[in-house]
Protein chains: 2
Amino acid sequence: MHILVVDDDRTLSDLLAFTLRRAGYDIHLAFDAPGALTAFQQMAIDLIVLDVNMPGKPGLKDGFDVCQAIRQSSDVPIILLTVRDDEEDVVKGLKLGADDYILKPFSPRELVARVETVLRRAASGKAKVDAPYLFGEISFDPHLRTFCRQGTDPVSLTNLEAQLLEVLMLNRGQILPAELLINQIWGPGGGSQEMLRQLIRRLRVKVEIDPESPELIQNLPGIGYGFGL
Amino acid sequence: MHILVVDDDRTLSDLLAFTLRRAGYDIHLAFDAPGALTAFQQMAIDLIVLDVNMPGKPGLKDGFDVCQAIRQSSDVPIILLTVRDDEEDVVKGLKLGADDYILKPFSPRELVARVETVLRRAASGKAKVDAPYLFGEISFDPHLRTFCRQGTDPVSLTNLEAQLLEVLMLNRGQILPAELLINQIWGPGGGSQEMLRQLIRRLRVKVEIDPESPELIQNLPGIGYGFGL
DNA sequence: CAGGTATGTGATAAATGTGTGACAAAATGG
DNA sequence: CCATTTTGTCACACATTTATCACATACCTG
């Protein structure tokens with residue numbers, strides 16, 4: 001599994017490479033926008049970790065241009081690297097076709113988790129969702145595990161609740177089989193219908209206006225659950 | 001990791017070089033302003049330790065001119081060396097784009113700690129924060145390790161407490177994963193959740209009005225801690 | 001209609017995360 | 001060297017999250 005890391009900052013590149021190699025990936029480095037395109041064209045890359053700010057040249061001056069150029073001919077998964085102050089950058093990048101983002105500073109575990117999530121989504125063949133954590137008046141921040149509905153206070157979710165909501169929102173409009181949800185949240189061999197039921201319950205209590213008449217998270221009997229149907 | 005040390009005082013240069021080599025860095029020396037620029041242009045330098053007073057030539061007559069010249073084309077981290085009486089020099093240098101300063105005389109540990117902090121900041125990709133150590137009625141001096149809240153006596157912090165507060169304040173408004181804090185304070189493979197918890201405790205006792213209801217340093221369960229949320 | 005299954009709900013037990021205090025070990029300064 | 005301070009380790013308390021169990025309700029089928 002080959003990952004291309006694009007960042008002009010050598011210290012950060014080395015950290016990224018070290019972390020991802022340790023997680024079992026083959027890493028290739030590029031340090032500017034033209035180098036990124038060249039590397040991508042010369043190697044079979046499975047995912048790109050792409051810093052937003054980096055030196056380039058006219059027509060290819062930063063990470064956004066790289067993202068846009070790659071998207072003209074490929075749907076390889078792209079994860080943006082940006083700092084927290086640059087939320088416009090995140091939105092811009094996602095609109096240009098990036099799949100996810102990582103906020104600096106990040107923990108190694110966060111990085112690996114993001115990479116694995118994005119690779120899983122790509123492997124499942126699901127089309128990308130624009131603004132995956134927005135839905136009408138609702139927004140969800142998977143990094144802070146915070147659910148926001150306009151006009152109400154932000155709600156903090158627990159780790160498992162946030163994982164469930166993330167999977168549901170990334171696959172909005174569809175019913176996900178219970179078995180798949182259990183597998184994604186508890187891993188192979190973990191979890192149970194019972195545990196999923198309780199987790200659904202807890203999540204509904206936190207995110208639905210009236211949990212007893214749920215509108216966001218709905219059930220198809222005998223199959224599973226979906227978000228935003 | 002290559003560090004360029006610029007100082008006309010050979011004894012001090014040797015001390016600086018010895019200390020930083022012992023900490024694992026590759027050291028390059030320059031002894032005047034023109035030599036500094038030449039060395040910087042000929043090598044891949046990751047950080048410059050730059051004495052303020054040193055011989056130069058017209059247009060490049062001291063450390064400030066070097067700093068200014070380098071900043072026209074590079075954002076390599078720069079640490080100024082100056083004596084304690086020259087606070088105007090410090091302000092002048094920081095305005096010209098230096099990242100931090102070290103006051104002579106200094107301890108080897110102080111030097112290494114400053115270098116590591118500045119490299120870490122550079123690696124995090126975070127733009128320099130204006131007045132990073134001010135926050136409302138609070139101020140923190142990382143060199144003196146002194147925490148001040150208006151209307152109360154200054155509080156002296158230990159080395160680790162000051163390191164933790166520095167990381168938190170430089171990333172104010174964000175939750176920093178515990179793993180990242182541990183890594184930054186104790187280095188790769190060092191520290192533990194246990195040790196972080198104790199350090200958080202000790203720091204809260206010193207800086208919070210009521211450590212049992214902390215307002216400055218807050219926890220996001222399962223993720224980490226943040227300052228000024 | 002009765003029985004079985006799926007799903008929702010609540011309560012409690014178990015597990016995990018975080019805060020606090022005490023003491024040992026290590027580091028530091030005079 | 002010794003006294004003091006700092007840091008690390010351990011134990012326990014408390015808070016939160018997750019797992020388990022029990023029961024209720026809805027729906028479908030024979």
Side-chain angles (χ1 to χ4, degrees), chain A residues 107 109 145-147 155-165 168 175-179 181-182 184-187 189-208 210-226 229, chain B residues 105-110 112-113 144-147 155-165 168 175-179 181-182 184-187 189-226 229:
Chain A
S107 76
R109 197 175 50 188
R145 304 217 241 51
T146 303
F147 174 86
V155 175
S156 176
L157 305 182
T158 68
N159 183 37
L160 290 188
E161 291 160 3
Q163 280 187 51
L164 175 59
L165 184 59
L168 291 172
I175 296 287
L176 299 179
E179 195 173 330
L181 290 170
I182 290 164
Q184 292 222 6
I185 289 163
W186 284 279
S192 63
Q193 287 275 3
E194 181 76 45
M195 287 157 73
L196 179 59
R197 206 154 70 224
Q198 267 285 336
L199 188 55
I200 290 276
R201 163 72 175 163
R202 295 198 330 254
L203 185 57
R204 277 170 167 162
V205 164
K206 287 188 177 179
V207 305
E208 297 279 355
D210 177 10
E212 300 187 6
S213 307
E215 294 181 346
L216 293 177
I217 301 170
Q218 303 193 354
N219 162 255
L220 180 60
I223 307 284
Y225 298 89
L229 302 171
Chain B
F106 57 84
S107 76
R109 197 177 50 177
E110 171 80 14
V112 175
L144 296 179
R145 299 200 216 122
T146 303
F147 174 87
V155 176
S156 175
L157 305 182
T158 69
N159 181 38
L160 289 188
E161 290 160 3
Q163 279 186 53
L164 176 58
L165 184 58
L168 291 171
I175 295 287
L176 300 180
E179 195 172 333
L181 290 170
I182 290 164
Q184 293 218 4
I185 289 164
W186 285 279
S192 64
Q193 287 274 4
E194 183 75 48
M195 287 155 73
L196 179 61
R197 205 152 72 225
Q198 268 285 337
L199 188 55
I200 290 275
R201 165 67 175 166
R202 296 198 331 254
L203 184 57
R204 276 173 169 158
V205 164
K206 288 189 178 178
V207 305
E208 297 279 354
I209 292 172
D210 176 10
E212 298 184 9
S213 306
E215 292 182 349
L216 294 177
I217 302 170
Q218 301 194 354
N219 162 254
L220 182 60
I223 298 198
Y225 297 90
L229 303 171

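Lettering of chains follows the sequences in order, A, B, ..., and the numbering in each one begins at 1. Nothing here was measured: the structure is a model prediction, and the numbers come from that model.
One interatomic measurement links the two molecules: CD1 of A/Ile223 to P of C/dT5, which rounds to 17 Å at whole-angstrom precision. Residue B/Ile217 contributes atom CD1, which lies 14 Å from atom C1' of C/dT18 at whole-angstrom precision. Between the CG atom of A/Leu160 and the C1' atom of C/dT16 there is a distance of 11 Å, rounded to whole Å. Put simply, CZ on B/Arg145 is 8 Å from P on C/dG29, counting in whole angstrom units. Distance A/Leu164 CG to D/dA19 C1': 16 Å, rounded to the nearest Å. Distance, A/Glu212 CD to C/dT7 P: 18 Å, rounded to whole Å.
Partner of A/Tyr225 under the side-chain contact (heavy atoms from CB on, under 4.5 Å) criterion, chosen from A/Leu164, A/Leu176, A/Leu181: A/Leu181.
Not one N or O on the side chain of A/Glu208 forms a donor-acceptor pair closer than 3.5 Å with the backbone of A/Ser213. Judged purely by atom type and a 3.5 angstrom limit, B/Arg204 uses its side chain to pair as donor or acceptor with the backbone of B/Ile217. Checking side-chain atoms of B/Arg145 against main-chain N and O of B/Glu161 turns up no donor-acceptor pair under 3.5 Å.
Within a 6.0 Å sphere centred on CD of A/Glu215, heavy atoms belonging to other residues, nucleotides or ligands number 12 at most.
In terms of phosphate contacts, B/Thr158 brings no side-chain nitrogen or oxygen within less than 4.0 Å of OP1 or OP2 of D/dT5. The side chain of A/Trp186 places no N or O atom within less than 4.0 Å of a non-bridging phosphate oxygen (OP1 or OP2) of D/dT18.
As judged by a 4.0 angstrom heavy-atom cut-off over every strand, A/Leu157 is placed among residues making no nucleic acid contact.
Distance CG/B/Asn159 to CD/B/Gln163: 5.0 Å, rounded to 0.5 Å.
In the set C/dT9, C/dT7, C/dG19, C/dG19 carries the atom at the smallest distance from any side-chain atom of B/Tyr225.
Nucleotides of DNA chain D nearest to A/Asn159 and B/Glu161 differ in position, and the one nearer the 5' end is that of B/Glu161.
In this structure the side chain of A/Val207 never reaches within 4.5 angstrom of the side chain of A/Val155, judged on heavy atoms.
Near DNA chain D, meaning a heavy atom under 4.0 Å from it, residues 190-211 of chain B has B/Glu194, B/Met195, B/Gln198, B/Arg202 in order of number.
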